[in-house]
Amino acid sequence: MPGLTTDEVTMPVLGRLDSSARREDQVAHLAEVARQIRIQDLKLVHHGGAGHIGGDFSAIDILTVLYGAVLDVSPATVEDPERDRFILSKGHVAGALYTTLATFGFLPVEELATFLQPLSRLNGHPNRVKVPGVEANTGPLGHGLPIAVGHALSAKLDVSRRRTFVLTGDGELQEGSNWEAMMAASQHELDSLTVIVDRNRLQQGATTRETNDLDPLDAKAAAFGFSVVEVNGHDHGELLDVLSAVPFRPGKPTFVIAHTHKGHPISFMSNNVKWHHKVPDAEQYQQALDELDALAPDRDARRPA
């Protein structure tokens with residue numbers, strides 16, 4: 001498979017709308033940003049010959065809303081001690097994170113062409129010493145949430161208003177380290193911490209229910225002292241409303257269960273466990289591009305060649 005060339009990196013840098021924008025304009029903007037991120041992420045995985053496109057596509061709407069409207073961080077403030085922190089605990093979906101960072105100006109868009117290439121800083125798992133905007137090296141599952149708790153505790157000790165958001169996979173919650181971290185977050189009343197679960201109910205090779213059932217996840221998180229809310233993880237308006245309103249209860253960390261579908265919204269990928277770690281062939285690649293084109297706000301819009 002030939003590598004991705006800079007000519008094939010056609011994603012625009014769309015950035016954020018002004019905070020005074022109407023909600024309907026904000027939601028429409030976020031939807032188009034997410035569509036563009038999916039197009040470019042598809043190219044990364046197809047041409048790179050590797051990646052976790054199913055998990056990428058289940059998480060992209062969440063990443064888009066965080067970076068596009070919620071997180072108090074920008075390319076200009078990426079080193080500011082008072083910036084908000086975002087930690088991608090499910091680090092194997094690094095392609096989605098890199099593409100999101102590029103569309104919001106943290107990375108040069110053309111650098112996406114180096115994804116998984118020798119000497120590239122865009123590795124299969126994010127590296128905080130190489131990539132601007134990455135707060136933690138992640139990949140070994142179950143580590144991101146404990147790191148996030150440390151960040152949130154640090155903010156409390158500093159009497160800082162900075163917030164910490166962490167995105168976990170649902171299969172990842174089978175790791176006991178997460179629940180130890182949640183006990184600590186509740187004990188220290190870390191209401192600046194928001195845990196978002198990409199609840200697509202699939203993990204490598206099987207459903208979470210078949211592997212180690214998490215339900216009732218909401219009741220378990222509540223029992224560990226979290227304020228729990230459920231949301232459609234592909235609805236930009238719901239995500240915007242929920243993530244902009246945290247914390248929901250003073251003194252309690254927040255646990256957002258974002259119901260998603262692995263591979264969303266591609267017909268042959270959606271809710272299909274085979275797409276946990278799979279590369280689309282030429283025919284599948286073109287079909288996925290066509291389906292994403294069909295979601296353009298202007299149906300007469302043409303994808304850049």
Side-chain heavy-atom pair Val231, Leu239 within 4.5 angstrom cut-off: yes
Shared hydrophobic cluster, Leu71 / Phe106 (ILVMFWY, side-chain heavy atoms < 4.5 Å): yes
Distance-only side-chain donor-acceptor flag, His188 / Lys156, under 3.5 Å: no
Modelled atom types, side-chain donor and acceptor of Glu180 and Ser177, under 3.5 Å: no
Common cluster, Leu97/Val45, ILVMFWY with side-chain heavy-atom separation under 4.5 Å: yes
Side-chain H-bond candidate by donor/acceptor type, Glu32 with Gln36, under 3.5 Å: yes
Aromatic ring pairing Phe255/Phe226, orientation class (parallel under 30°, perpendicular over 60°, tilted between): perpendicular
Neighbour count >12 (heavy atoms, 6.0 Å) for atom CD, Glu82: yes
Point-to-point distance, once rounded to the nearest 0.5 Å, from CG of Leu202 to CG of Asp170: 7.5 Å
Aromatic plane relationship, Tyr285 with His46 - under 30° parallel, 30 to 60° tilted, over 60° perpendicular: parallel
NZ/NE/NH1/NH2 to OD/OE distance under 4.0 Å, Arg199 and Asp218: no
No-hydrogen, no-angle side-chain donor-acceptor test under 3.5 Å, Gln174 and Gln203: yes
Same cluster (ILVMFWY, side-chain, under 4.5 Å), Ile53 and Val273: no
Gap separating the CZ atom of Arg201 from the OG1 atom of Thr211, nearest 0.5 angstrom: 13.0 Å
Leu63 CG to Ile196 CD1 distance, which is reported to the nearest 0.5 Å: 8.5 Å
Note, Ile266 side chain near Leu292 side chain (heavy atom, < 4.5 Å): yes
Near-ring test His125/His52, centroid separation under 6.0 angstrom: no
Pair Phe57 and Trp275, ring centroids less than 6.0 Å apart: no
Flag for Thr99-Arg38: side-chain donor and acceptor within less than 3.5 Å: no
Asp198 bridged to Lys90 by N-O distance under 4.0 Å: yes
Short side-chain donor-acceptor distance under 3.5 Å, Ser120 and Thr114: yes
Arg35 vs Asp293 side-chain heavy atoms within contact, under 4.5 Å: yes
Linked, directly or transitively: Leu66 and Ile87 (ILVMFWY side chains, under 4.5 Å): no
Output a table of donor-acceptor pairs, distance under 3.5 Å, between side-chain atoms of residues 136-152 and any protein atom two or more places apart or on a different chain; print 'none' if there are none.
unit_1: Asn137; atom_1: OD1; unit_2: Arg128; atom_2: N; d: 2.7
unit_1: Thr138; atom_1: OG1; unit_2: Leu88; atom_2: O; d: 2.6

Aromatic plane relationship, His234 with His264 - under 30° parallel, 30 to 60° tilted, over 60° perpendicular: parallel
Pair Lys252 + Asp191: basic N to acidic O under 4.0 Å: no
Pair Arg22 + Asp25: basic N to acidic O under 4.0 Å: yes
Arg162/Asp80 salt bridge by N-O under 4.0 Å criterion: no
